[in-house]
Amino acid sequence: MKVETWDHVTRLRKWLDTDAAPTSVEDARLLRVLKISEELGEVAEALHGALGANPRKGASHSWSDVAKELADVIVTAMVALDTVSGDSAAVVENQLQDRTVEEPAAAGDIRLLQVLAISGDMGEVATAVYGALGTGPRGDAAEVTHTWEDVETCLGGLILTAAAALDDLTGDAWETVDERLRFLVERVAA
């Protein structure tokens, strides 16, 4: 991953910090994590469209659309990680070094399973956030079971899971993410 990748991520995060509606630091963290769910929903929509799985809409999306939406999940998760972490690049690099490549023996379409795995990672992120805040999903007080470092770790895992899915589609996930980041940073600068 390029050094400028994280520079672009930090630039987007600072833009959000400055231009988004005023909110507490804690709420900014939550909103940025929640944004990942929105982007993941767009991946699911594009995947359904690429497969023509919805008879009402037919083949409404291309595999290029799926790749763009996966890149958006990664970028959004990177911005959320940069919001939570003091060194988001190190979090992802450490996790990347710890990952082993295993050939999956999938019982279904690997593209569908990869998106489902991203959803599972999102669940782990949510659990870690609840645990770090000491609250339950309904706002009830709960024991603090996680730290924000645990949230960092979960976000890093989500980024790498989404990158694996994107890499299968494009052959170079990080180049696709870099392209998307450059596009977004240009829009922010305009």
Side-chain angles (χ1 to χ4, degrees), residues 1 5-17 20-45 47 69-102 104 111-168 173-174 177 180-181 184:
M1 195 175 323
T5 299
W6 289 104
D7 292 340
H8 289 317
V9 168
T10 299
R11 196 163 163 198
L12 288 174
R13 189 220 2 110
K14 286 180 178 178
W15 171 73
L16 286 168
D17 289 346
T23 188
S24 69
V25 171
E26 216 166 71
D27 283 351
R29 287 175 169 174
L30 293 175
L31 288 168
R32 292 181 190 163
V33 168
L34 282 171
K35 181 70 174 167
I36 302 166
S37 293
E38 178 186 335
E39 298 298 338
L40 187 55
E42 291 175 16
V43 171
E45 179 183 13
L47 188 58
E69 297 302 345
L70 280 168
D72 284 351
V73 167
I74 295 167
V75 167
T76 304
M78 291 170 97
V79 170
L81 178 58
D82 201 57
T83 301
V84 169
S85 176
D87 191 359
S88 48
V91 170
V92 173
E93 283 300 320
N94 289 338
Q95 287 194 10
L96 193 53
Q97 291 174 6
D98 291 343
R99 285 230 172 163
T100 58
V101 178
E102 298 176 14
R111 298 166 296 191
L112 303 178
L113 295 171
Q114 287 172 321
V115 172
L116 188 59
I118 299 167
S119 295
D121 286 352
M122 192 62 218
E124 290 179 19
V125 169
T127 298
V129 168
Y130 289 137
L133 293 174
T135 187
R138 292 176 186 78
D140 48 318
E143 181 182 350
V144 174
T145 57
H146 292 75
T147 64
W148 283 103
E149 288 79 19
D150 296 329
V151 176
E152 288 178 8
T153 300
C154 292
L155 285 168
L158 185 147
I159 290 166
L160 294 180
T161 300
L166 181 58
D167 198 58
D168 281 350
W174 298 120
V177 168
R180 193 70 183 145
L181 275 166
L184 293 168

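Values reported hereafter were calculated over all heavy atoms of this structure, with side chains retained and with hydrogens, waters and symmetry mates removed. Worth saying up front: this structure is predicted, and the values here are computed from it rather than measured.
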Residue that, paired with Thr5, satisfies side-chain contact (heavy atoms from CB on, under 4.5 Å) out of Leu181, Val75, Thr10 | Leu181
side-chain contact (heavy atoms from CB on, under 4.5 Å) test vs Glu152 passes for just one of Leu81, Thr147, Val92, namely Leu81
Please report the interatomic distance [atom1]([X]) to [atom2]([Y]), rounded to the nearest 0.5 Å.
X      : Y      : atom1 : atom2 : value
Thr161 : Met122 : OG1   : CE    : 12.5 Å
Ile36  : Thr76  : CD1   : OG1   : 7.0 Å
Leu12  : Asp17  : CG    : CG    : 11.0 Å
Arg180 : Glu69  : CZ    : CD    : 7.5 Å
Arg13  : Thr83  : CZ    : OG1   : 6.0 Å
Leu160 : Ile74  : CG    : CD1   : 9.0 Å

For Asp121 and Ile159, what are the C-alpha separation, side-chain angles and deciding distance, and is it a side-chain contact (heavy atoms from CB on, under 4.5 Å)?
-> CA-CA 9 Å; Asp121 286 352; Ile159 290 166; over 6 Å; no
Apply salt bridge (Lys or Arg N to Asp or Glu O under 4.0 Å) to Glu149 and list each qualifying residue two or more places apart in sequence or on a separate chain.
-> none
Who passes salt bridge (Lys or Arg N to Asp or Glu O under 4.0 Å) against Asp27, sequence neighbours left out?
-> none
Pairwise side-chain contact, [X] with [Y], heavy-atom cut-off 4.5 Å (strictly under):
X      : Y      : answer
Asn94  : Thr153 : no
Leu16  : Leu31  : no
Tyr130 : His146 : no
Leu158 : Val73  : yes

Intermediate values then yes/no, side-chain contact (heavy atoms from CB on, under 4.5 Å), Glu42 and Glu39 = CA-CA 5 Å; Glu42 291 175 16; Glu39 298 298 338; 3.2 Å; yes
Of the non-hydrogen atoms in [X] and [Y], which two are nearest, and what is the gap between them?
X      : Y      : answer
Ala165 : Ile118 : CB-CD1, 4.4 Å
Val91  : Gly156 : CG1-CA, 4.4 Å
Asp82  : Ser88  : OD1-OG, 2.9 Å
Ala173 : Asp167 : N-OD1, 3.1 Å

Check ion pair Glu38-Lys35 (N to O, under 4.0 angstrom) = yes
Can you list, pair by pair, the side-chain donor-acceptor contacts under 3.5 Å of residues 133-144, counting residues two or more places apart and other chains?
{"from": "Thr135", "atom 1": "OG1", "to": "Gly139", "atom 2": "O", "distance (Å)": "3.4"}
{"from": "Thr135", "atom 1": "OG1", "to": "Asp140", "atom 2": "O", "distance (Å)": "3.2"}

